[in-house]
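Here the structure is laid out as structure tokens; the discussion comes afterwards.
Count residues from 1 along the sequence.
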Amino acid sequence: QAPEWRSEIDRCLENGWNIEDPEVLKRWRAQEPINANAHLISMLVGTSVVLQVENGELVLGAWQSVIMLDADGPRTRKVNVQIIGAGGN
């Protein structure tokens, strides 16, 4: 069964899934359980982080690091950075 919502149809087409082709639709449906797994991982891990920056450097503990987990890829991603706070002393 093809998606019914316009937003889902547009998202399929934007990601290269020509769901009007029965074979492509079949492949798209087959990958959906994998996609569900990615959504569950996203719920557990989270989709945003707040980091402290001091003097232009990340403030991290000795054993801390920042990673990006792509549970639904590989594909091109956008990373948005928002800087909030007072500048300079």
L44 side, atom CG; H39 side, atom NE2 - distance, nearest 0.5 Å: 13.5 Å
For the atom pair OG (S48) and CG (N80), what is the distance rounded to the nearest 0.5 Å? 11.0 Å
How long is the span from the OG1 atom in T47 to the CD1 atom in I41, to the nearest 0.5 Å? 14.0 Å
Output for pair (L13 CG, E20 CD), nearest 0.5 Å, gives 7.0 Å
Indicate, with yes or no, if V49 and L58 share a hydrophobic cluster defined by side-chain heavy-atom contacts under 4.5 Å among Ile, Leu, Val, Met, Phe, Trp and Tyr. yes
Closest contact, heavy atoms only, L60 versus S65: CD1-CA, 4.2 Å
With rounding to the nearest 0.5 Å, note down the distance linking CG in N18 to CD in E23. 12.0 Å
Check whether any side-chain N or O of E14 sits under 3.5 Å from a backbone N or O of R11 as a donor-acceptor pair, and report yes or no. no
If the condition is side-chain contact (heavy atoms from CB on, under 4.5 Å), which residues does V59 pass it with, not counting sequence neighbours? Q52, E54
Could you pull out the closest heavy-atom pair between A71 and A38, with the gap in Å? O-CB, 3.3 Å
Value for CD1 (I83) from CG (L51), rounded to nearest 0.5 Å, stands at 11.0 Å
Tell me whether N55 contacts the main-chain N or O of E57 through its side chain, where contact means a donor paired with an acceptor under 3.5 Å. no
